[in-house]
Amino acid sequence: MAFLGIETAKAPTGMRVRRFLAFLIDAAIVIALSFAVYRFTGRPDFFAVQAAMDAAEAAGGKDQALTAAVFTQFNSAYSVLLIIAFCYEALVQLITNGSTVGKLAMGLRTVPQNPARGRPLHSLLLCARSALKILSLYLFQGFPFLICCLTIFTNGECRSGFDMAVKSVTVFREKALPHP
């Protein structure tokens, strides 16, 4: 099967669905964590973003100060959310040696493309992989993130752009190789 001229049939059966479901599980966990962090710290305050949006809308969108307040509030809340997402993904992958809770639930694990890569280097690259995701979400508000994620649908190995950047591959856990 091909999509826009790119072969898509070579990915392992069920991999794309499992990766998408793992993403949804991890996203739900990050949202739950952000509510917990908000409960204790008052940040990320998306409620303040909503209040600023309502105030700007009530002014008919013509008050520049109110519009600037919306963007300031959103950037602040979004930055904290991204920090929570990075900490969750990086820490859980380090603890589980390449899986997040979503990947564990779906039976997946991120392993080095080269099985000879040592665990310390792979762990460092998993953190770099997470940082690349967060950086693309922060700098480009998700557009490159979407493109990198969509690559799992268009390349035969079902690897995201972040996997390609750190030379890793997500596999079914039973096929994962132990680290030396």
Side-chain angles (χ1 to χ4, degrees), residues 1-37 78-180:
M1 173 188 274
F3 174 73
L4 298 175
I6 301 171
E7 186 62 42
T8 61
K10 295 178 184 169
T13 305
M15 178 63 79
R16 292 182 177 105
V17 171
R18 286 184 183 208
R19 287 195 74 173
F20 181 69
L21 292 174
F23 167 77
L24 292 178
I25 291 168
D26 291 331
I29 290 169
V30 167
I31 290 169
L33 286 172
S34 71
F35 276 112
V37 170
Y78 188 62
S79 296
V80 173
L81 179 68
L82 292 177
I83 290 168
I84 293 167
F86 171 76
C87 291
Y88 161 73
E89 184 171 315
L91 289 173
V92 173
Q93 285 189 120
L94 289 174
I95 292 167
T96 62
N97 194 24
S99 292
T100 57
V101 173
K103 284 181 181 167
L104 286 171
M106 293 295 110
L108 301 173
R109 180 174 159 202
T110 302
V111 298
Q113 201 173 11
N114 176 0
R117 181 191 293 169
R119 183 175 175 154
L121 178 58
H122 181 61
S123 296
L124 180 65
L125 289 173
L126 284 175
C127 290
R129 180 180 182 270
S130 298
L132 284 172
K133 283 183 185 181
I134 300 308
L135 186 62
S136 72
L137 282 167
Y138 179 74
L139 293 176
F140 304 107
Q141 301 293 311
F143 186 69
F145 177 78
L146 179 64
I147 291 170
C148 278
C149 288
L150 286 177
T151 60
I152 69 169
F153 294 102
T154 59
N155 67 47
E157 296 175 320
C158 194
R159 292 174 62 208
S160 71
F162 307 112
D163 290 325
M164 291 178 212
V166 299
K167 297 184 178 172
S168 65
V169 63
T170 300
V171 297
F172 294 110
R173 284 191 68 80
E174 59 272 5
K175 292 182 182 178
L177 300 172
H179 276 85

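Every value quoted in this text rests on a predicted model; they were computed, and no experiment measured them. Heavy-atom basis, side chains included; hydrogens, waters and symmetry copies ignored.
- Residue pairs meeting the salt bridge (charged side-chain N to carboxylate O under 4.0 Å, His left out) criterion with at least one partner in residues 88-108, sequence neighbours excluded, are Glu89-Arg129, Glu89-Lys133.
- Going from atom CD1 of Ile25 over to atom CG of Leu104 covers 10.0 Å, rounded to the nearest 0.5 Å.
- With sequence neighbours left out, the side chain to side chain contact (heavy atoms under 4.5 Å, CB included) criterion links Ser79 to Tyr138.
- The minimum heavy-atom distance between Leu132 and Ala165, with the atom names listed, is CD1-CB, 3.6 Å.
- In this structure, CZ on Arg18 lies 12.5 Å from OG1 on Thr170, to the nearest 0.5 angstrom.
- Using a distance-only test at 3.5 Å, with no hydrogens or angles considered, no donor-acceptor pair links the side chain of His122 to the main chain of Pro115.
- With values rounded to the nearest 0.5 angstrom, Leu81 atom CG is found 5.5 Å from Ser34 atom OG.
- Here the OG atom belonging to Ser136 is positioned 7.5 Å from the CD1 atom belonging to Ile134, to the nearest 0.5 angstrom.
- Scanning all heavy atoms of the two residues, the minimum distance from Leu94 to Cys127 falls at CD1-SG, 3.7 Å.
- Judged as a side chain to side chain contact (heavy atoms under 4.5 Å, CB included), and not counting sequence neighbours, the contacts of Leu33 are Ile29, Ile84, Tyr88.
- Considering OG1 of Thr100 and CZ of Arg109, their distance stands at 13.0 Å, rounded to 0.5 Å.
- For the atom pair CE of Met106 and CE of Met15, the computed distance is 12.5 Å after rounding to the nearest 0.5 Å.
- Side-chain contact check for Lys167 versus Asn114: every heavy-atom pair is 4.5 Å or farther apart.
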Check the pair Gln113, Asp163 against side chain to side chain contact (heavy atoms under 4.5 Å, CB included), reporting the backbone distance first and the verdict last.
CA-CA 9 Å; Gln113 201 173 11; Asp163 290 325; over 6 Å; no

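- In this structure, Pro112 and Val169 approach most closely via the heavy-atom pair O-CG1, 4.4 Å.
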